[in-house]
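Report on the following structure.
All values reported here derive from a predicted model rather than from experimental measurement.
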Amino acid sequence: MATAAALKSIDSLSGVDARMEALDRLEKLTDEAAAEIARHRSNILLKRGIRFWRRGEIVRAGQWAMKAAEKDGTNAKAFHVLAMALERMGHLHKALVTYERAFELDPNDPELLINLGLTAWNLKFTEGAARMFRLYVDACPDSPLGYNNLGSVLYDLGDPEAAIETLRAAIYKMPHQAILWNSLATVLAEEGRADESLIFYNEASRLEPGFARAYHNLGYAYQHLGQLEEALENYDRALALAVDPTEKMESRHSRSICLIGAGKLEEGFREYEIRNSERFRAYFHHMIRAPRWNGEPVEGLKLLLVGEQGLGDEFMFANILPDIARDLGPDGKLQIAVDPRLVSLFQRSFPEAEVGTYDDRTLIDDNGNKAIRLIPFASNGNEPDMWAPMGSALQVYRKRLSDFPHKPFLTPDPVRVAEFRETLARLPGKKVGVCWRSMMLEAKRAKYFSPIEGWAPVLKTEGVSFINLQYGDCAEELARAHSEHGITIHQIEGLDLRDDIDGTAALCAALDLVLSAPTAAAATAASVGAKVWFLVAGRTWPQLGTDEYPWYADTRVFAPKSFGDWPALMADAAAELKTFAG
C-alpha cells in the first residue's frame, strides 16, 4: 500500500534556505575574486602608464591608463591618470568628464578635487573651480595647494582683496611654501603693484631655487617695471629650470615679447613665432590648404596674410603690407584677411589686393575646444599659393628699427574726412580725440587704463575741443566727467565708434591730435597718419625700446616713471597739451 510522503519539516525547509544562502555567498566570493584579479591586472597596466608619464611620454601614459580602465571599470586611479593625460594633451572636456568619473568612484581622494578644479578653471568654469578648491582646503587644511589655487581663482573672479587675504593667511600658517609666496606676488603684480611683488617672488625663489615659475614671474614683474635686462635674465633662468612643456612655451613667449620691447627685433620677432605652435594657449587652427610661408621669395606668388590676435594688432602688423605688395611684383597677388570691420579701409588702401574677412568658429568635439579660423574668400578655387599670420612677416621685414618707414599705410575715405573737418570747424580751438580705455576691462587688464576721472587735468586744457573716440557704452562716464569736472567731450552724431571703423579712421584723420590709451582707437588713428599721443601705464613692448610707436608715422608715448602713476603722467600730458594748444 502506498504511503503518503512525509511533510517537510521546518528543519528541512531551513536546510534548503541555508544551501541557497551558501550559494549566494560563494557566488559573491567568486565575483570578489574575479574583481580582485581584474583590479590586479588593471593596476599592472596602470603602473606601465605611470612609468611612461614619468618619462614625459604623455600619450603612451594615457593609452596604458585607458587599458587599465577598460580592464577594471571601477579603478578610480586608472581614470585619474587617464584624465591627467587627456588634460595634458589639451582634451579638456574629455578630461573633466574623466575626472568626474574618477571622483564618483573615489570621492575620498582629495587630489581629484584639485585636478577637477584646475580643469574647470581652464574651461572658464571659474565658480565651479572655486568650489572644488574650497572643498580641497576643507579636506586638506595643511596642504598649500588648495589655498594657492583658491587665492588665484578668487582674483580671476574679481575679488583681489579676498585673494590676498586667503594667500596671506596661508603664508602665516605655512611660511616655507614657495608656491604661496609666488601666488601672492602674482596677485600683487596683476593689481599693478609690481614693485611690491618683487619681494615675494624673490622669497619664493629663495625658498625653492629650482622653482622655474617664480623666475618666469620675476621676469614678468621686471618687464612691467621697464627693467628689461633683469626681466630677460629671469626668463632665461625659468627656461633653464622648467621641465613642463607648457611652462617652457609660456616663458619663451614672454621672453620674445621682452626682446621686442627692448628693441632686439631680429631675435625677438623670430622667437615670437612660438605663438603659432599648436600647443600654445591662444593657437588658432587655420583651415587653409596652402603651405605656410616662412620668408621665402614671394615674387609672382598669390600670398594670403591673415590678421591675428586683436583689432589693434591687425592695424599694427599691417605696417608690413606695403613691403609685401611691392615684393609680390606685377605678377603676384596679395590676399588680406582681416576683421569684417576693416575690409573697406584695407581694400581702399591696397586696391590691387583682394581683401576679405575670416570666420572664427569654436569646434567642441570629443577632443575638447578648438578655435578655428576659416577664410571663405580664399577657398573653393581661389586658394593662395602660400599663407601666413600677418605678424609672421615681421621677422622678414622688420629686423631693425631702421626698417620701420614711419609712414601712413592705410587710406581713410577722403569724402568722409572732408565732411568731418567741416563738422569739427564749428568747434573752437584745437580738435583733439580722446579714448581712455579698452572695452575689455577684466581684473588683469584694468591696471593698464586710468578711469576718466584721472584724465581731468588733461581734459581741462583751455583752447581745446575734445572729441569722443571711446568705443562701446561710455555714456555714463561722459556724464560723470561733465557733472563732476565740468568737462564736455563732444560726440559725432551717427558715428558708431565700435563698428564703423572706416568712419572712425576718417574722423581721426580730420583731428589735430589723438590722445589715447593703447587701444584699437589709437591704432586706427596712427595707421592713417594722425598725430597720436599714447598714454600708457608703463613702457609697452610695441615701443620697441623707443619713446614712440615706430610702427606709425607720428606718435609719442607718455609713460610714468613708476608703473600706473596716473597723476604724474596726466600732469606731464596736460603740460604738453597746453603748449600744443597754444
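How far CD of Glu87 is from CG of Leu123: 8.5 Å, rounded to the nearest 0.5 Å. Atom CG of Leu259 sits about 10.5 Å away from atom CZ of Phe269, to the nearest 0.5 Å. Taken from CD1 in Ile179 to CG in Leu207, the straight-line distance is 11.5 Å, to the nearest 0.5 Å. With values rounded to the nearest 0.5 angstrom, Phe52 atom CZ is found 5.5 Å from Glu57 atom CD. To the nearest 0.5 Å, the span separating OG1 on Thr98 from CE on Met84 amounts to 12.5 Å. Atoms CG and CD, from Asp313 and Glu308 in turn, are 7.0 Å apart once rounded to the nearest 0.5 Å.
Pairs of residues two or more places apart, or lying in two chains, that qualify as salt bridge (Lys or Arg N to Asp or Glu O under 4.0 Å) and include a residue from residues 204-219 are Glu203-Arg206, Arg213-Glu247. For residues 66-85, the ring pair (Phe, Tyr, Trp, His ring centres under 6.0 Å) pairs, not counting sequence neighbours, are His80-Tyr99. Residue pairs that meet the salt bridge (Lys or Arg N to Asp or Glu O under 4.0 Å) test with at least one member in residues 254-266, sequence neighbours left out, are Glu229-Lys264, Asp236-Arg255, Arg255-Glu267.
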Problem - Pair Trp566-Trp455, side-chain contact (heavy atoms from CB on, under 4.5 Å): steps then yes or no - result: CA-CA 9 Å; Trp566 297 113; Trp455 284 65; over 6 Å; no
Practice task
Output, in order, the C-alpha distance, side-chain angles, deciding distance and verdict of side-chain contact (heavy atoms from CB on, under 4.5 Å) for Asn202 and Ile199.
Solution key: CA-CA 5 Å; Asn202 279 310; Ile199 299 168; over 6 Å; no
Exercise for the section: Go through the steps to decide whether Leu82 and Arg101 satisfy the test side-chain contact (heavy atoms from CB on, under 4.5 Å), and finish with yes or no. Expected result: CA-CA 11 Å; Leu82 176 58; Arg101 174 59 179 154; over 6 Å; no
Practice task
Evaluate the criterion side-chain contact (heavy atoms from CB on, under 4.5 Å) for residue pair Lys173 and Asp142; output intermediate values, then yes/no.
Solution key: CA-CA 8 Å; Lys173 187 175 183 178; Asp142 295 324; 3.6 Å; yes
Exercise for the section: Could you please spell out the steps behind the salt bridge (charged side-chain N to carboxylate O under 4.0 Å, His left out) verdict for Glu273 and Arg292? Expected result: CA-CA 12 Å; Glu273 288 301 294; Arg292 273 285 302 273; 3.5 Å; yes
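Counting only distance, with no hydrogens or angles, the side chain of Arg341 and the backbone of Arg498 share a donor-acceptor pair below 3.5 Å. With hydrogens and angles disregarded, no donor-acceptor distance shorter than 3.5 Å links the side chain of Ser183 to the backbone of Leu180.
Within 6.0 Å of CZ in Arg480 there are more than 12 heavy atoms belonging to other residues, nucleotides or ligands. Counting non-hydrogen atoms of neighbouring residues, nucleotides and ligands closer than 6.0 angstrom, the CZ atom of Arg55 exceeds 12 such neighbours. Environment of CE in Met570: crowded, with over 12 heavy atoms of neighbouring residues, nucleotides or ligands closer than 6.0 Å.
Remark: His224 engages Tyr220, Tyr448, Phe563 in a ring-ring contact (aromatic ring centres under 6.0 Å, His included) (not counting sequence neighbours). For Tyr147, there are no ring-ring contact (aromatic ring centres under 6.0 Å, His included) partners, not counting sequence neighbours.
A donor-acceptor contact under 3.5 angstrom links the side chains of Thr540 and Tyr549, judged on distance only. Judged by distance alone, the side chains of Trp121 and Asp156 do bring a donor and an acceptor atom under 3.5 Å apart.
Between Tyr272 and Trp541, the ring planes are tilted. Angles from 30° to 60° get that label.
Results of the ring pair (Phe, Tyr, Trp, His ring centres under 6.0 Å) test with His216 over Tyr222, Tyr201, Tyr235 single out Tyr235 as the only residue that passes.
The side-chain tip of Arg437 does not point at the ring of Phe449 from less than 6.0 angstrom away and within 45° of straight on.
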Between side-chain atoms of residues 124-132 and protein atoms elsewhere (two or more places apart, or another chain), which donor-acceptor pairs fall under 3.5 Å?
none

